[in-house]
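Worksheet: the structure to be examined is printed underneath.
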2 protein chains.
Amino acid sequence: MSSDLTARARIRDAAIELFAERGIDGATIRDIAQQADVSSGLLRHHFGSKEGLRDACDEWALNELTKISGQFTEFNTLDGLTPRVQLLQRYLIRSTMDGSPTGAAMFDRMLIFGHQWLATTNLKIADPEAFVAVLAVMKMSLFTMRDLLSRALGSDVTEPATWARMLQATLDLFSQPLITEEQALQAQAALDRLIAGEEAS
Amino acid sequence: MSSDLTARARIRDAAIELFAERGIDGATIRDIAQQADVSSGLLRHHFGSKEGLRDACDEWALNELTKISGQFTEFNTLDGLTPRVQLLQRYLIRSTMDGSPTGAAMFDRMLIFGHQWLATTNLKIADPEAFVAVLAVMKMSLFTMRDLLSRALGSDVTEPATWARMLQATLDLFSQPLITEEQALQAQAALDRLIAGEEAS
DNA sequence: CCCTCGACTACACACGCGTGTAGTAACCTA
DNA sequence: TAGGTTACTACACGCGTGTGTAGTCGAGGG
């Protein structure tokens, strides 16, 4: 993000930062231009419109991310430790939630990788679609709710050390059952009852 | 949400629906007033400002939710099945992510309940704060990423049947380890290496 | 009957937004 | 050196926003 870059690149970097921070609608053209140290007209000159800028950011972030680590979409990955990679992921997920088609495509890719991963295990899942989707969404939540997590942990999760704490937590979460077998059976029975009641009505 | 309510109540209901749907900034005073079938001035008359309306919605949603089910903040709960409860939860979480203090308080309560739950188990967690925070955030993600989930499942998660599929998935997720012991040890070693490398630098 | 007060509306204001336009400086090519 | 394309800026426009203000309607109490 240093200033010896092209103006176009500076605008792109500033946009990714502010879009990730405040959301697509929350970040204004003028703020982005100011952060990039250019006029707002130049932004328009290079990217045509705010939508054009967002598209360019989507494409660039996705390319950059796959370039850095092809494992981005896999589960239990330990990358994303560097602030830069974290920012790119955070931007892309934010853009996804604000209705970007590129983001939706990324999510679909995460689902595909999820299914591939599931196939390598010998887990018996009755509803793989739901299982993989829930897992993908939960992984994304570590980025979308960054502020809440930072507040709860008392330190910004952008800090590699804090991020490592979260990775440790997810590892704990995925490496052991959280509820006992009896609890699971009990919950399953309750759920079955609910589903049956729903179908009956 | 029928129209035989007080105008004030109709405004509140409309606000919760539109705030949850489009976010706090995304929903305009005029849209809310129109949905409630009143003038935008009446909204101001009753709630003072948009911020006042949001505060009123926060408080009302939290009260209503704790009234309906005191288990709201617990883990692995099977409630939230009715569209009404789901809407209230979705609104509150949305408001939380848009910086509401009431929402932050709710999140803190979720953390407390999380720690209480953790104490009843005999799980050995090195970093309970991080573990509980990650768990809370992941649970919330089922609401924040509703659109993505609906798209992946091919049906709106507000449908009780679809919601039940997600509950089933979370039950599957929490009742068994997702990775083998060897994989866990391997990941742990990699994580330890990363942490050590971080401290060294 | 009148007076008051709360529910409710219509309308105007200031502001910030994305966008459009005109113009300037720099640089490359012939 | 002349001409044209590109990088870049300053500034104005229209629109939607939250907010402010004046006024209407109707019920309740002296």
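Computed from a predicted structure; not experimentally measured.
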For [X] and [N], what is the distance between atoms [atom1] and [atom2] respectively, to the nearest whole Å?
| X | N | atom1 | atom2 | result |
| --- | --- | --- | --- | --- |
| B:I32 | D:dG18 | CD1 | C1' | 12 Å |
| A:R10 | D:dA7 | CZ | C1' | 12 Å |
| B:L18 | D:dG18 | CG | C1' | 16 Å |
| B:D25 | C:dC17 | CG | C1' | 13 Å |
| A:I24 | C:dG18 | CD1 | C1' | 15 Å |
| A:I29 | D:dT9 | CD1 | P | 14 Å |

Flag for B:D192-B:Q188: side-chain donor and acceptor within less than 3.5 Å: yes

Side-chain donor-acceptor pair present, A:Q35, A:D31, cut-off under 3.5 Å: no

Lys NZ or Arg CZ of B:R54 over B:F47 ring: under 6.0 Å, within 45°: no

Pairwise side-chain contact, B:I32 with B:L43, heavy-atom cut-off 4.5 Å (strictly under): yes

Enclosure of B:Q34 CD (heavy-atom neighbours >12, cutoff 6.0 Å): no

SB check A:R165 B:E129 (cutoff 4.0 Å): no

Nucleotides 6-14 of chain C: protein proximity per nucleotide (B base, S sugar-phosphate only, - neither; heavy atom, under 4.0 Å): -BBB--B--

